[in-house]
Asker: 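First the structure, then my questions, so here it is.
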Amino acid sequence: MTAQQLDDSGRLRHLLTLEGLPRDTPVGRVGNKRHVLGGSAVCTLFFEPSTRTRSSFHLAAQRLGADVLNFDASTSSTRKGETACDTLKNLEAMGVRGFVVRHPDDGAVAALAAVAGEGTALVNAGDGRSSHPTQGLLDMLTLRQAKGPDFSKMKVVIVGDVKHSRVARTDLHALRTLGVGEIRVCGPQSLLPDDDTLKGCVVGDDFDAMLEGVDALMMLRLQRERMEEGLVPSLEQYHAQYGLNTARLARAGKDAAVLHPGPINRGVEVTDEVADGPQSWVLRQVANGVAVRMAVLETLLG
Ligand code: CP
């Protein structure tokens with residue numbers, strides 16, 4: 001997939017995954033409102049729900065001066081059986097040059113990129129359990145703002161439903177690329193992947209034992225829509241073992257940064273006190289999403 005997203009000169013043509021993307025790949029500037037995409041059309045093509053990703057791409061494209069088309073799968077001709085591929089080709093025929101695509105199936109966005117025309121760019125806004133590259137970029141920007149530019153000194157713990165999380169997979173690629181000092185991964189055995197996703201990480205199921213000395217906690221949403229029944233005995237038990245509350249956060253230390261990609265299941269992954277507290281970077285992540293997505297769209301389409 002890395003080769004598919006780079007052109008012959010190593011420039012980004014699509015953004016499908018952070019896996020294998022070289023650390024020095026230029027991904028635009030993070031800056032203020034500019035009109036570099038005036039006359040271009042960008043479509044947010046979402047086959048799954050979204051608040052943050054869809055809205056921030058919409059704002060990002062608007063701030064760059066593009067026309068923005070919000071494709072609503074629930075009222076579209078996909079309901080009559082039209083394929084995602086035909087949908088893309090038809091919107092392309094209307095002059096849309098940029099597609100921001102979310103899809104429930106692993107690899108669906110890469111499959112669409114493979115049939116897209118020469119001048120068309122696709123951004124993966126989340127496919128199945130695989131990848132959510134702009135979430136990874138905004139998470140790394142937030143970590144850098146919270147803890148400084150030297151990732152080699154950072155200890156980061158990723159907590160929760162890693163098995164079903166494209167955010168976790170993406171952040172793992174990004175953290176490794178940036179040379180982070182230590183990655184700890186914590187969750188119930190039933191929610192940890194059993195392939196090589198966690199290679200090189202310190203893995204455990206005792207959250208309290210994983211907290212000592214961490215610089216950042218990346219809390220994950222329980223992906224109940226992708227989960228078979230019975231992986232978690234109850235939400236109360238999950239919260240008791242893996243929920244982040246003020247007492248646990250105190251163990252990590254007063255400088256530890258708390259991240260969560262959203263949407264938060266309050267009282268399950270984190271308590272209100274932590275989500276809204278002084279160590280939470282959650283809304284900064286959201287704000288960074290607009291800037292990062294402007295940079296990505298400018299790189300691909302500018
Ligand atoms: N973080 C994230 O992808 O949120 P949305 O599902 O609301 O876009």
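Keep in mind that the numbers below use all heavy atoms, side chains included, and drop hydrogens, waters and symmetry copies. Start at 1 with the first residue, then count along the sequence. Whatever order the structure lists ligands and atoms in, that order sets their numbers, starting from 1.
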Asker: Please list the nearest protein heavy atom to atom 1 (N) of ligand 1 with its residue and the distance rounded to 0.1 Å.
Answerer: P261 O, 2.8 Å

Asker: Salt-bridged, R97 to E118, with N to O below 4.0 Å?
Answerer: no

Asker: Please determine whether the number of non-hydrogen atoms from other residues, nucleotides or ligands lying under 6.0 Å from atom CD of E19 exceeds 12.
Answerer: no

Asker: Is any side-chain N of the basic residue among D161 and R129 closer than 4.0 Å to the acidic one's carboxylate O?
Answerer: no

Asker: Around atom CZ of R266, are there more than 12 heavy atoms from other residues, nucleotides or ligands closer than 6.0 Å?
Answerer: yes

Asker: If we only count N/O pairs under 3.5 Å, is T51 in contact with ligand 1?
Answerer: yes

Asker: Are D7 and R13 within salt-bridge range, i.e. N to O under 4.0 Å?
Answerer: no

Asker: Tell me, which protein residue and heavy-atom name are nearest atom 6 (O) of ligand 1, and how many Å apart are they?
Answerer: R102 NH1, 2.8 Å

Asker: Tell me the protein heavy atom at minimum distance from atom 4 (O) of ligand 1, and give that distance in Å.
Answerer: R52 NE, 3.0 Å

Asker: Which ligand 1 atoms are under 4.0 Å away from a heavy-atom of T53?
Answerer: 2 (C), 3 (O), 4 (O), 5 (P), 8 (O)

Asker: Heavy-atom contacts with G262 under 4.0 Å: which atoms of ligand 1 show up? List them by number with element.
Answerer: 1 (N), 2 (C), 4 (O)

